[in-house]
Amino acid sequence: MAREFPPIRGFIENTLIDWEGKIACEVFLPTCNLRCPICHAGHLVIHPGELESIPISTVADCLGRHQGWIDGVVISGGEPTLHADLDAMIEEFRSHGAMVKLDTNGTRPEVLENLLERKLLDAISMDVKAPFDERYYQVAGCECDIDAIRRSTRIIMRSNIEYEFRTTVCPTFTGLDELRDIALAIRGAKKHILQQFRPGDCLDPAMNEVTPYPRETLRDFAAEIRDNAALCIVRGDWPGNQSVSA
Ligand code: SF4
């Protein structure tokens, strides 16, 4: 019987920026269980049916054509762990010799645990959007299972694969106090990346009026919380520059 795969609603043939140190292609899966006001994937989250459906064979063809050149596939969304057949998709990509990185909001720890136990993942990038209390609901745009998200961080930190936790720093929700609390909650992590907030095309149009922090401020924040993770930098900065703003 032919295997079922999750629908693909976006595809990038190659990216150098979505898996550090790797050349990857990237697929985007529809729907999400959160409603982050600063989300830039509103079309995937709210109106996925309006997007073109891309057959998995398109990705397989790409991997075949670029064998030896493309390292792997980034599976992003939306929230990929909501799809029951995610494991089948990963196995399909792996059968073409590709490594797989999963982007997730961490709300489905049981899915992460299962994929990790079956050694189906080579890397994970997980959002840690806010401290693990009511402040999470504001950044997520809805109530969510904070304990589940916390559990995901523990599962990922116990794994022996490459991972990063990432926090998008929007002045409306996140300042140094929040970042300190987040850093303590994931204390001992291998990597905590601070990402610049980008107004424009946000799920909540009001967010488009918010002015991002200057990049230097983000670097100062990273310097303040750096002791909690082996590496804490602003996305796009070279790790060797850590001491510059410290
Ligand atoms: S978790 Fe938030 S930012 Fe990520 S896709 Fe869902 S709504 Fe968008």
Side-chain angles (χ1 to χ4, degrees), residues 6-12 15 17-19 26-54 73-84 86 89 101-112 115 121 123-153 155-156 163-174 178-179 182 185-186 192-208 210 212-213 218 235:
I8 300 173
R9 299 290 191 198
F11 175 51
I12 297 174
T15 168
I17 57 173
D18 290 311
W19 190 349
E26 184 162 10
V27 296
F28 297 89
L29 310 191
T31 74
C32 188
N33 50 352
L34 303 184
R35 289 292 182 272
C36 310
I38 62 171
C39 178
H40 285 284
H43 48 296
L44 279 166
V45 173
I46 308 286
H47 304 296
E50 294 175 5
L51 296 170
E52 183 193 359
S53 193
I54 294 145
V73 182
V74 176
I75 302 180
S76 190
E79 177 47 40
T81 61
L82 298 178
H83 295 274
L86 177 62
M89 171 175 274
K101 170 176 172 276
L102 180 70
D103 288 353
T104 180
N105 62 22
T107 51
R108 305 287 308 279
E110 64 284 356
V111 175
L112 297 179
L115 296 175
L121 298 176
I124 296 179
S125 190
M126 178 184 151
D127 300 333
V128 182
K129 297 175 183 292
F132 292 143
D133 55 34
E134 312 72 49
R135 286 173 285 182
Y136 220 99
Y137 305 149
Q138 292 176 311
V139 189
C142 59
E143 291 202 3
C144 52
D145 186 344
I146 292 167
D147 281 340
I149 296 169
R150 189 201 315 267
R151 219 158 53 245
S152 289
T153 63
I155 290 166
I156 291 170
Y163 71 82
E164 68 177 24
F165 297 125
R166 55 190 186 186
T167 304
T168 300
V169 188
C170 172
T172 304
F173 307 109
T174 313
E178 284 73 24
L179 287 171
I182 292 170
I186 56 169
H192 184 195
I193 302 291
L194 304 190
Q195 302 185 142
Q196 181 60 285
F197 159 69
R198 287 180 294 114
D201 211 19
C202 291
L203 198 57
D204 177 353
M207 290 293 108
N208 295 329
V210 176
Y213 290 115
L218 290 195
R235 174 85 70 209

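Order of listing sets the numbers, starting from 1, for every ligand and every atom in it. These values consider heavy atoms only, across backbone and side chains, with no hydrogens, waters or symmetry-generated copies.
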Sidechain N-carboxylate O distance under 4.0 Å for R135, E178
yes

F165 meets the ring pair (Phe, Tyr, Trp, His ring centres under 6.0 Å) criterion, sequence neighbours left out, with Y163

Test side-chain hydrogen bond (donor to acceptor under 3.5 Å, both in side chains), reference E79, set T107, T31, T104, N33, output is T104

Given a cut-off of 2.8 Å, the protein N, O or S atoms lying below it from atom 2 (Fe) of ligand 1 are C36 SG

- Item | Side-chain ion pair, D145 and R151, N-O less than 4.0 Å | no

| query | Using 4.0 Å as the upper bound for N to carboxylate O, is an ion pair formed by E164 and R235? | reply | yes

re atom 5 (S) of ligand 1, the protein heavy-atom contact at minimum distance is G78 N, 3.6 Å

Distance col, row Y213:OH vs T174:OG1, nearest 0.5 angstrom, shows 7.0 Å

